[in-house]
Amino acid sequence: MPELPEVEALREFLDVHLAGKEIARALPVAISVLKTYDPPLSALDGAAVTAVDRHGKFLDVTAGGLHLVVHLARAGWLQWRDVLPSGPPRPGKGPLALRVALTGGDGFDLTEAGTTKRLAVYLVRDPAEVPGVARLGPDPLAEGFDRAAFAAVLAGERRQIKGALRDQSLIAGIGNAYSDEILHAARMSPFKPVRNLTDDDVTALYEALRTTLGGAVARAHGMEAGRLKAEKKSGLRVHGRTGEPCPVCGDTIREVSFSDSSLQYCPHCQTGGRPLADRRMSRLLK
């Protein structure tokens with residue numbers, strides 16, 4: 001799933017490629033992708049793009065006073081095309097979900113792999129009309145998100161730290177992959193209850209969060225959209241690397257599986273050398 005660093009890189013990429021250009025048409029291909037119907041997508045015809053913003057994992061393209069808001073979900077992606085096909089896209093079983101064509105002949109496609117369709121597109125007058133945007137917590141890379149703000153977000157939490165970091169209403173933009181990376185950098189068990197965090201734990205976690213996300217954003221800066229997935233994977237130290245040696249201590253990276261996802265961690269760095277129970281069907285990530 002694209003998370004804050006990849007979505008921020010896509011925002012930068014689109015800002016360069018879209019700003020000031022005119023939309024010819026926005027063409028939905030998959031019926032399930034469009035979540036709003038008023039205003040209609042045809043309201044974007046002839047509108048000039050004035051801004052591209054990000055809200056957590058949501059992209060927000062402003063054109064003609066409206067906001068085309070996109071959530072890529074787990075398997076969605078954006079593909080830029082310098083020259084779009086001349087004919088209209090045909091609905092079918094392929095990955096194409098929506099096409100935005102510019103008057104210059106270029107534009108982008110939104111695609112989604114697999115059979116589970118969660119990619120979502122909204123056309124609204126205000127981004128806050130999108131339920132997922134309205135409930136977002138603070139952006140962890142915002143200038144005002146300091147250690148005190150982070151501690152305030154965690155205050156009163158009774159969940160395990162992995163689940164808390166992934167909760168978009170607490171902190172916007174962190175998903176499964178970067179929560180693993182943050183916890184590894186902080187040398188903290190993903191199962192540690194938030195209520196048991198000491199002041200030193202909160203400081204270590206905050207520093208790991210800012211360093212991990214900031215580093216990922218910096219690595220992706222200026223990259224073309226097509227290279228971002230590979231860049232994300234190459235920069236991960238534990239997530240998706242079950243069975244490989246930890247780059248810090250050399251211990252074997254282990255995995256805990258759940259019904260629809262998994263987490264990775266280093267026993268030596270994070271759990272005092274003790275493997276965690278593989279709690280399949282756990283409620284940790286709900």
Side-chain angles (χ1 to χ4, degrees), residues 1-80 97-103 106-112 117-145 149-150 152-153 166-175 213 217 225:
M1 176 184 290
E3 300 180 30
L4 185 156
E6 295 78 50
V7 179
E8 175 61 19
L10 285 174
R11 184 204 65 77
E12 290 183 351
F13 177 87
L14 288 179
D15 192 44
V16 171
H17 287 75
L18 286 181
K21 294 186 177 181
E22 187 176 296
I23 295 174
R25 288 193 69 187
L27 303 165
V29 180
I31 296 175
S32 62
V33 71
L34 191 60
K35 306 303 180 184
T36 57
Y37 301 95
D38 181 23
L41 278 181
S42 59
L44 292 174
D45 295 358
V49 176
T50 54
V52 182
D53 297 300
R54 177 184 61 80
H55 315 285
K57 301 178 194 177
F58 291 82
L59 281 169
D60 177 4
V61 177
T62 304
L66 300 174
H67 297 263
L68 185 69
V69 180
V70 176
H71 189 273
L72 294 170
R74 177 172 291 184
W77 196 245
L78 183 148
Q79 297 181 348
W80 179 263
L98 183 135
R99 172 168 291 166
V100 174
L102 305 177
T103 55
D106 50 353
F108 63 88
D109 288 340
L110 295 177
T111 62
E112 186 170 25
K117 302 302 182 183
R118 296 178 179 172
L119 189 153
V121 176
Y122 310 79
L123 185 62
V124 293
R125 296 173 180 84
D126 186 324
E129 295 175 33
V130 178
V133 173
R135 72 180 184 89
L136 287 175
D139 191 293
L141 292 184
E143 186 174 339
F145 191 74
F150 181 57
V153 163
R166 291 187 61 188
D167 185 341
Q168 301 304 294
S169 65
L170 286 185
I171 304 171
I174 301 172
L213 295 180
V217 168

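FYI, side chains are in, hydrogens and waters are out, and symmetry mates aren't considered; it's all heavy atoms of this structure. FYI, the numbering just counts along the sequence from 1. These figures come from a predicted structure and were not determined experimentally.
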### Query
Taking only residues two or more places apart in sequence, or in another chain, which ones meet Asp60 in a salt bridge (Lys or Arg N to Asp or Glu O under 4.0 Å)?
none

### Message
If we check side chain to side chain contact (heavy atoms under 4.5 Å, CB included) with Val124, which of these qualifies: Leu68, Leu66, Val130?
### Response
Val130

#### Entry: Whether Glu12 side chain and Val7 backbone form a donor-acceptor pair below 3.5 Å
no

### Closest non-hydrogen atom pair between Ala63 and Val49, with its separation
CB-CA, 4.0 Å

### Query
Within the side chain of Arg25, is there an N or O that forms a donor-acceptor pair under 3.5 Å with the backbone of Leu27?
no

#### Entry: Gap separating the CD atom of Glu3 from the CZ atom of Arg166, nearest 0.5 angstrom
8.0 Å

### Query
Can you name the residues that form a salt bridge (Lys or Arg N to Asp or Glu O under 4.0 Å) with Arg125, not counting sequence neighbours?
Asp38

### Task
Using modelled atom types only, decide if a donor and an acceptor are shared between the side chain of Lys35 and the backbone of Ser32 within a distance under 3.5 Å.
yes

### Query
Between atom CG of Leu78 and atom CG of Leu14, what is the distance when rounded to the nearest 0.5 Å?
5.0 Å

### Query
Can you list the residues that meet the ring pair (Phe, Tyr, Trp, His ring centres under 6.0 Å) rule with Phe108, with sequence neighbours excluded?
none

#### Entry: Test item: Val133 and Tyr122 side chains (from C-beta on) under 4.5 Å apart, heavy atoms
no

### Query
Within the side chain of His67, is there an N or O that forms a donor-acceptor pair under 3.5 Å with the backbone of Val69?
no

### Message
Is it the case that the side chain of Glu112 and the backbone of Ala75 share a donor-acceptor pair, with hydrogens and angles ignored and the cut-off at 3.5 Å?
### Response
no

### Query
Any side-chain heavy atom of Leu110 sitting closer than 4.5 Å to one from Trp77?
no

### Query
Is there a donor-acceptor contact under 3.5 Å from the side chain of Thr36 to the main chain of Leu123?
yes

### Query
Would you say the side chains of Asp109 and Thr111 form a donor-acceptor pair under 3.5 Å?
no

### Message
Checking Leu18 against Leu102 for the side-chain contact (heavy atoms from CB on, under 4.5 Å) test, could you report, in this order, the C-alpha distance in whole Å, the side-chain angles of both residues, the deciding distance, and whether it holds?
### Response
CA-CA 9 Å; Leu18 286 181; Leu102 305 177; 3.7 Å; yes

### Message
For Leu136, is there any backbone N or O sitting under 3.5 Å from a side-chain donor or acceptor partner on Gln168?
### Response
no

### Query
What orientation do Phe150 and Phe145 show, parallel under 30°, tilted 30 to 60°, or perpendicular over 60°?
perpendicular

